[in-house]
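Since the structure comes first, as structure tokens, the remarks are kept for the end.
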Amino acid sequence: MTTIIKVGMADLKLASAPDMLRTSGLGSCIGVIIYDERIRLAGMAHIMLPNSSLARKESMNLAKYADTAVEEVLRLLLDKGASKFRLKAKMAGGAQMFTFKTSNEAMRIGPRNAEAVKEHLTRLQIPIVFEDTGGSSGRTIEFDVNSQVLEIRTVNKGVLHA
């Protein structure tokens with residue numbers, strides 16, 4: 001029997017087949033899935049911000065930031081028996097939900113989140129096999145650990161399977 005494991009905002013979870021991982025409300029946030037297709041194990045993080053440098057260190061939520069969340073999902077997968085050399089990633093989100101008259105870099109949260117996740121995955125040598133980022137619409141994603149298919153429901157745009 002399949003269980004859908006919900007991943008909240010600034011949260012991360014692992015699942016193994018036949019379970020599925022789902023996160024909703026991806027606007028500027030990034031949903032990243034890292035998985036080992038051979039042992040059918042996956043981790044999903046719902047990342048809100050690009051880096052943890054401004055976080056209060058004493059009570060930091062590792063799932064909230066791209067730099068710490070990607071590392072934590074990797075650590076949890078390796079602890080459960082995943083092979084670093086078999087890992088692949090899929091990601092979605094990173095929309096620019098609002099338009100601003102200023103070109104202030106700090107207001108580009110969605111694109112900065114996507115860039116940060118890609119940078120960390122590249123640094124860790126985890127290939128990104130699919131990406132649906134950018135735009136200005138919210139998304140809900142669901143990852144089937146058994147088939148490794150990512151379903152992306154985008155507001156006013158429909159459903160995509162990758």
**Q.** Same apolar cluster: L12 and M44, side chain cutoff 4.5 Å
**A.** no
Q.
Could you tell me if the side chain of L150 sits less than 4.5 Å from the side chain of H161, heavy atoms only?
A. no
Q. Should Q148 and F143 count as side-chain neighbours, where that means a heavy-atom distance under 4.5 Å?
A. yes
Q | Test item: N113 side-chain N/O and G94 main-chain N/O as donor-acceptor pair under 3.5 Å | A | no
Q) Within the side chain of D19, is there an N or O that forms a donor-acceptor pair under 3.5 Å with the backbone of I4? A) no
Q. Going by an N to O cut-off under 4.0 Å, is there a salt bridge joining R75 and E72?
A. yes
Q) Are side-chain heavy atoms of L87 and L124 found at a separation under 4.5 Å? A) no
Q | Check: L76 main-chain N/O paired with D79 side-chain donor or acceptor under 3.5 Å | A | no
Q. Under 3.5 Å, side chain of D132 to main-chain N/O of I152, donor-acceptor pair present?
A. no
Q) Of the non-hydrogen atoms in A89 and Y35, which two are nearest, and what is the gap between them? A) N-CE2, 4.3 Å
Q.
Any heavy-atom pair between the side chains of I128 and K90 that's under 4.5 Å?
A. no
Q: Please test I109 against M48 for side-chain contact (heavy atoms from CB on, under 4.5 Å), starting from the C-alpha separation and ending with a verdict.
A: CA-CA 9 Å; I109 297 292; M48 294 177 64; over 6 Å; no
Q | K6 atom NZ, neighbour heavy-atom count above 12 within 6.0 Å | A | no
Q.
Working to the nearest 0.5 angstrom, can you tell me the gap between D11 CG and I5 CD1?
A. 11.0 Å
Q. Would you say R139's side chain and R153's backbone share a donor-acceptor pair under 3.5 angstrom?
A. no
Q | Main-chain N/O of T68 paired with E71 side-chain donor or acceptor, under 3.5 Å | A | no
Q. Taking atom CG of N51 and atom OH of Y65, what is their separation to the nearest 0.5 Å?
A. 9.0 Å
Q. With side chains defined as the heavy atoms from C-beta onward, is the minimum distance between I33 and I141 less than 4.5 Å?
A. yes
Q. Would H46 and K64 satisfy side-chain contact (heavy atoms from CB on, under 4.5 Å), going step by step from the backbone distance to the final call?
A. CA-CA 7 Å; H46 183 134; K64 187 173 182 178; over 6 Å; no
Q. How far does CD of Q96 sit from OG of S28, to the nearest 0.5 angstrom?
A. 8.0 Å
Q: Mind listing the closest non-hydrogen atom pair of L14 and G43 along with its distance?
A: CD2-CA, 3.5 Å
Q. How about S24 and R22: do any of their side-chain heavy atoms sit closer than 4.5 Å?
A. yes
Q) Of all heavy-atom pairs between A66 and P50, which one has the smallest distance, and what is that distance? A) CB-O, 3.3 Å
Q: Treating Ile, Leu, Val, Met, Phe, Trp and Tyr as nodes and any side-chain heavy-atom pair under 4.5 angstrom as an edge, say whether I30 and I126 lie in one connected cluster.
A: yes
Q) Considering all heavy atoms of both residues, which atom of A95 and which atom of S137 are nearest to each other, and what is their separation? A) CB-O, 3.6 Å
(Q) Working to the nearest 0.5 angstrom, can you tell me the gap between C29 SG and I47 CD1? (A) 9.0 Å
Q | Non-hydrogen side-chain atoms of M91 and T133 separated by less than 4.5 Å | A | yes
Q. When hydrophobic residues are tied together by side-chain contacts of less than 4.5 Å, even through go-betweens, does V117 share a cluster with L74?
A. yes
Q: Could you go through the side-chain contact (heavy atoms from CB on, under 4.5 Å) check for L41 and V145 one step at a time?
A: CA-CA 6 Å; L41 177 69; V145 180; 5.6 Å; no
Q: State plainly whether one hydrophobic cluster holds both V129 and L121, where clusters connect Ile, Leu, Val, Met, Phe, Trp and Tyr through side-chain heavy atoms under 4.5 angstrom apart.
A: no
**Q.** Flag side-chain contact, heavy atom, 4.5 Å: V32 against V73
**A.** no
Q. N146 and side chain to side chain contact (heavy atoms under 4.5 Å, CB included): which partner among E37, R40, M20?
A. R40
Q: Please test R38 against S83 for side-chain contact (heavy atoms from CB on, under 4.5 Å), starting from the C-alpha separation and ending with a verdict.
A: CA-CA 9 Å; R38 185 181 299 169; S83 166; over 6 Å; no
(Q) Taking L21 as the starting point, is it possible to reach V149 by hopping between hydrophobic residues whose side chains are less than 4.5 Å apart? (A) no
Q) Rounded to the nearest 0.5 Å, how far does CG of L26 lie from CE of M9? A) 8.0 Å
Q: Would you give the length of the straight line joining atom NZ of K84 to atom CG of D36, rounded to the nearest 0.5 angstrom?
A: 12.5 Å
